[in-house]
Amino acid sequence: MAFGYRAGRYCAEGVDLTAIAEAVGTPTYVYSRARLEERFTRFAAALSGLDAMVCFALKANSNLAVVKTLATAGAGGDVVSAGEIARARAAGIPADRIVFAGVGKTSDEMTAALDAGIYQFNCESEPEISALSALAAGRGQVAPVCVRVNPDVDAGTLSKITTGKKGNKFGIDIDLIPALFDRVRALPGVRLVGVSLHLGSLLNDLAPYRAAFQRMADLVRQLRAAGHAVERLDLGGGLGVPYRDEVLPTPEAYGALVRETVADLGCRLIFEPGRYLVADAGVMLARVVYVKEGSDRRFLILDAAMNDLMRPALYGAWHTVRPVLEPLQDAAEQPVDIVGPVCESTDTFAQGRLMPPVAAGELVVFETAGAYGRVMASSYNTRPEPAEVLVDGDRFAVVKPRPLIQDLFQNESIPSWLEGSDG
Ligand code: LLP
């Protein structure tokens, strides 16, 4: 068990979270090495026998220790910025296992990727392909390109994280792809190696994948018939984990679908899972500062805020919250609003959430916080971002400390013409 109660305390593997709170303070993200490895192994095993490369989407959690754990287990990296290329390399992902996505790659970012010698650029527009070709050709290089296709399939996910429908900013409409391939094939600085897609995040059903994969298979055949060598097919990420009690597609069912729909194309397959690999390998630990009784509701006011875990404020997302001290079996649950200290009404993690009694000073844990948690944190309100800890059995290490308050503004400066001004 990676996370759960042991002897009355919530633990990460063999470590009581109370010990982490005492040593590191709160709010703090805590990750389980065993769970990270288990998730990667299960995902990779579901694709066994296929010519597959699994590239972890670093945007979900780019802490070096997390990326290193996955890289050691065999993951490549799916990156979206020069910063993520640098992180992936620093965590030991070889350049030839890095794919680079994103609608707005700048020439500096493309240069960084060409310098590193990455495996492939996933390009999302014709101007981007032309710019990359000019840049690469000028350096005497030929950049391997997968063209990101918008398959016009509704993934039925949260509207704010859907991506594969016509009208989204992502990819190129599927019906425009064959003509685009014909136009750009002669560009000197790119080699068209394949097509890619990413349907959306947190898909709760395999049906949209089936529709999209079938469309991609048809497209690959059509492109080949027109004389294009389509060697690679990048199927993106999107597999979810339950945040509550949802029943989601398993990697095994996903793998079976891949075999059924695209395996016979003989393409090298690339996968970009983010959330599936890390979401339930992490929790966020926080402390209750006050319990405030309103006239008609009770508030648990935490030392964690929307800037530490943005998903509830941004998407209305659910994270299960549990006290670190295991509640008594017969403890009566009562509705509470779980909120942070930031002066914004959206700084609310949950409203009317049924919780066992929790007192001021107690620790609580937000589950399933390993994906899109710490990476989306900010220092809004000049609040230091949360620390990060990696647990391995009964030991733990701080893998990113909480910044000091002075770290938050040490690079700011007051221009000389303002010094001495009395406003
Ligand atoms: N590949 C591409 C091109 C992507 O845009 C994404 C995620 C992934 C892979 C990884 O998707 P995953 O396997 O994690 O679903 N912040 C949101 C999620 C945004 C996802 C953006 N793209 C959240 O907290 O739910």
Side-chain angles (χ1 to χ4, degrees), residues 29 36 39-40 42-43 46-47 53-62 66-67 70 75-81 84 88 98-105 120-125 128 146-151 155-165 168-172 195-206 208-209 212 233-244 246 248-249 251 254 269-282 284 306 308-319 349 366 368-378:
Y29 280 89
L36 289 167
R39 289 269 125 171
F40 181 82
R42 181 166 168 198
F43 190 90
L47 302 169
M53 176 157 88
V54 180
C55 294
F56 169 53
L58 265 76
K59 62 164 79 78
N61 188 328
S62 56
V66 169
V67 181
L70 293 171
D78 163 40
V79 302
V80 289
S81 65
E84 285 190 355
I98 294 177
V99 300
F100 185 11
V103 291
K105 301 177 193 77
Q120 124 191 345
F121 293 77
N122 289 347
C123 291
E124 306 212 14
S125 67
E128 182 195 342
C146 259
V147 178
R148 177 159 170 190
V149 177
N150 182 329
T157 175
L158 294 175
S159 63
K160 287 188 178 145
I161 52 177
T162 191
T163 51
K165 185 95 182 91
N168 289 135
K169 71 176 177 183
F170 303 100
I172 297 172
V195 281
S196 74
L197 96 161
H198 171 70
L199 213 50
S201 202
L202 196 50
L203 271 72
N204 48 19
D205 179 11
L206 281 183
Y209 279 119
L233 179 55
D234 182 333
L235 296 175
L239 205 61
V241 296
Y243 281 82
R244 206 171 168 180
E246 315 88 288
L248 293 179
Y254 175 80
L269 301 175
I270 296 148
F271 298 89
E272 303 171 353
R275 189 186 322 263
Y276 178 79
L277 298 181
V278 292
D280 73 359
M284 185 183 73
M306 61 190 280
D308 301 305
L309 175 63
M310 272 192 84
R311 302 191 70 257
L314 204 52
Y315 314 117
W318 170 288
H319 286 266
F349 293 114
F366 287 75
T368 334
Y372 307 107
R374 174 64 183 86
V375 280
M376 288 172 70
S378 77

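For the single chain, residues carry numbers from 1 onward in sequence order. Just follow the structure's listing: the first ligand is 1, and inside any ligand the first atom is 1.
Ligand 1 has no N or O atom lying under 3.5 Å from any N or O atom of Tyr276, backbone or side chain. At least one N or O atom of Gly274, backbone or side chain, sits closer than 3.5 Å to an N or O atom of ligand 1. Every N/O-N/O distance between Arg148 and ligand 1 stays at or above 3.5 Å.
Listed by chain and number, the residues in a side-chain contact (heavy atoms from CB on, under 4.5 Å) with Pro249 are Leu206, Leu239 (sequence neighbours excluded). Remark: Asn122 engages Gln120, Asp234, Glu272 in a side chain to side chain donor-acceptor pair (under 3.5 Å) (not counting sequence neighbours).
With a 4.0 Å cut-off on non-hydrogen atoms, Pro273 touches ligand 1 through its backbone and not its side chain. Residue contacts with ligand 1 for Asp78 involve side-chain atoms from C-beta outward but no N, CA, C or O (heavy atoms, distance under 4.0 Å).
Taking the six-membered ring for Trp and thresholds of 30 and 60 degrees, Tyr209 and Tyr254 have ring planes more than 60 degrees apart, a perpendicular arrangement.
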Discussion item. The test is salt bridge (Lys or Arg N to Asp or Glu O under 4.0 Å); show your working for Glu84 and Lys59 and say whether it passes.
Written reply: CA-CA 8 Å; Glu84 285 190 355; Lys59 62 164 79 78; over 6 Å; no
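Per-residue contacts place Glu272 under 4.0 angstrom from the following atoms of ligand 1 (heavy atoms of the residue considered): 1 (N), 2 (C), 3 (C), 8 (C), 9 (C), 10 (C), 13 (O). For ligand 1, the atoms lying closer than 4.0 Å to a non-hydrogen atom of Arg275 are 12 (P), 13 (O), 14 (O), 18 (C), 23 (C), 25 (O). Listed by number with element, the atoms of ligand 1 under 4.0 Å from a non-hydrogen atom of Gly237 are 9 (C), 13 (O). Atoms of ligand 1 found under 4.0 Å from any heavy atom of Met376 (numbered from 1 in listed order, with element): 16 (N).
Of all heavy-atom pairs spanning Ala88 and Leu58, the tightest one is N-CD2, 3.8 Å.
Judged by a 6.0 Å distance limit and a 45° cone about the ring axis, Arg311 is not positioned over the six-membered ring of Phe366. Geometric assessment of Arg39 against the ring of Tyr276 yields a positive cation-pi assignment under the 6.0 Å and 45° thresholds.
Judged by distance alone, with hydrogens and angles left aside, the side-chain atoms of Asp78 form no donor-acceptor pair with the main-chain N or O of Cys55 at under 3.5 Å.
The closest approach between a heavy atom of Gly236 and any atom of ligand 1 is not below 4.0 Å. Using a non-hydrogen distance threshold of 4.0 Å, Phe170 does not register as a contact of ligand 1. Under the 4.0 angstrom criterion for non-hydrogen atoms, Gly238 is in contact with ligand 1.
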